[in-house]
Amino acid sequence: MVERANKPKTLVSTPGFAPQATVTFSEDNSRVRAELPTGESVEVLLHGATVISWKDAAGDEKLWLSDAAKLDGSKAVRGGIPLVFPVFGTAPDHEQTKTLPQHGFARTSRWEFLGKSTSEDSFSLSSASVKLDFGLSSAAAGLDPLARERWPYAFNLIYSVTLTRDSLSTGLVVTNDGEKPFDCQVLFHTYLRVKDINEVAIAGLASTPYVDKVSPAASAPHDDPLAIAAETDRVYTPASASAAVTVSESGEPKFRITRDNLSDVVVWNPWTDKAAGMADFEPKDGFRQMLCIEPGSVSGWQVLEQGDAFEGAQTITLA
Ligand SMILES: O=P(O)(O)OC[C@H]1O[C@@H](O)[C@H](O)[C@@H](O)[C@@H]1O
């Protein structure tokens, strides 16, 4: 069931049925928050359709958000899950996207909230879930003006954020609504929150080819697990598209990340010097509490002809 956005959303519960999720807007309409009857929550800023918070039932935050992140629409958000489209990084040699800013314009556009979906037949609290849908198109008023100027294609994006008791999924559908074909890349730039990066181990990328953006000469596949002890910026392309990446801390599994139709996984941590150089990165030693695991389709280009669609998704499960 999809409901249009009437604000504020309130809980509707039918006798005999399990209560449904609540969906509410902030006073200034800048963000939407969904909460399951059991207490898990997710918050999405319309600016960039950026997920800025994901909490479990105990209120523990699962995503890292910089204390200096701009949430007023003046800049892409430093933290949460910024959405990368239609270019990952910059692509000076790619004719269609070479003038676009780093990571494109999806994260700097204001998206429209399209509505929520819940499972009506959920008799049990344990199976409760809520999906929030957001839209952005080439005709949208909220589109970053740079996009209109520098990327003259007719496109439509639907972004879905689904919260269950133990997982968060994000999925993007890109459609070419125009006559001109276009190339695009997609990535979910997820900032996972950890307690101490020194205790973190990443499994599932063993023997996987990757491009090392920090030391391009040192891109030899490694054994499991991967530890982070310096600036790390790598684009992995696992042979198996469905293989999970698991993040453990102090020997305990913490997050399990799976991909749907996304060939690549970026692993990023800015470490001391890069964090010091980012004005919106606070506290400066916050890189010790974060790790970006970013599923995407970025090592090549999705080529969409008129009417074509591309769909990709990630699911992060609490392990
Ligand atoms: O500062 P930005 O534009 O949010 O990008 C952060 C990082 O994003 C990562 O995805 C890239 O691999 C890094 O190279 C980049 O530095």
Side-chain angles (χ1 to χ4, degrees), residues 45 47-52 63-94 97-109 144 146-147 150 170 172 184-194 197 202 205 208-216 218-219 226 228 230-238 245 247 257 259 262-284 286-301 312 314 316:
L45 201 63
H47 176 63
T50 316
V51 177
I52 52 169
L63 300 176
W64 184 85
L65 180 67
S66 165
D67 290 350
K70 296 281 184 210
L71 303 181
D72 60 0
S74 59
K75 186 174 193 312
V77 176
R78 176 70 59 204
I81 312 182
L83 193 49
V84 170
F85 173 87
V87 59
F88 169 67
T90 53
D93 299 331
H94 185 255
T97 59
K98 66 181 183 190
T99 60
L100 288 179
Q102 162 128 322
H103 294 340
F105 53 78
R107 65 178 185 164
T108 52
S109 294
D144 183 334
L146 270 183
R150 302 184 188 175
T170 66
L172 186 70
C184 65
Q185 297 177 327
V186 166
L187 174 132
F188 304 112
H189 199 308
T190 314
Y191 289 72
L192 298 171
R193 173 173 281 277
V194 297
I197 192 72
I202 306 162
L205 296 171
T208 301
Y210 65 92
V211 173
D212 192 329
K213 291 166 76 179
V214 178
S215 325
S219 299
L226 173 69
I228 308 287
E231 183 191 350
T232 305
D233 193 356
R234 297 176 176 184
V235 183
Y236 286 85
T237 305
V245 174
V247 176
I257 298 118
R259 291 163 288 127
L262 296 174
S263 54
D264 309 302
V265 180
V266 174
V267 177
W268 182 64
N269 184 297
W271 215 252
T272 324
D273 293 352
K274 278 274 163 63
M278 288 185 272
D280 62 351
F281 196 103
E282 289 288 351
K284 286 301 169 206
F287 67 87
R288 298 189 188 283
Q289 274 76 55
M290 57 139 289
L291 169 67
C292 283
I293 301 285
E294 313 165 26
S297 173
V298 297
S299 52
W301 295 90
Q314 69 165 347
I316 313 163

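Every number for a ligand or one of its atoms is a count from 1 in the order of the listing.
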Participant: Which protein residues come within less than 4.0 angstrom of ligand 1, counting heavy atoms only?
Facilitator: Arg78, Phe88, Gln102, His103, Arg107, His189, Lys213, Asp233, Val266, Trp268, Glu294
Participant: Can you confirm if the aromatic rings of Phe287 and Trp64 lie within a centre distance of less than 6.0 Å?
Facilitator: no
Participant: Side chains of Gln314 and Thr170: donor-acceptor distance under 3.5 Å anywhere?
Facilitator: yes
Participant: List for me each residue that meets salt bridge (Lys or Arg N to Asp or Glu O under 4.0 Å) alongside Arg234, sequence neighbours excluded, and say none if there are none.
Facilitator: Asp212
Participant: Pairs under 3.5 angstrom only: tabulate donor-acceptor contacts from the side chains of residues 81-89 to other protein residues two or more places apart or in another chain.
Facilitator:
none

Participant: Counting only pairs under 3.5 Å, give me each side-chain donor-acceptor contact of residues 292-300, with atom names and distances, residues two or more places apart or in other chains.
Facilitator:
residue, atom, partner, partner atom, Å
Ser297, OG, Gln302, NE2, 3.1
Ser299, OG, Asp264, OD1, 2.9
Ser299, OG, Asp264, OD2, 3.1

Participant: Apply side-chain contact (heavy atoms from CB on, under 4.5 Å) to Ile197 and Met290, showing your working.
Facilitator: CA-CA 7 Å; Ile197 192 72; Met290 57 139 289; over 6 Å; no
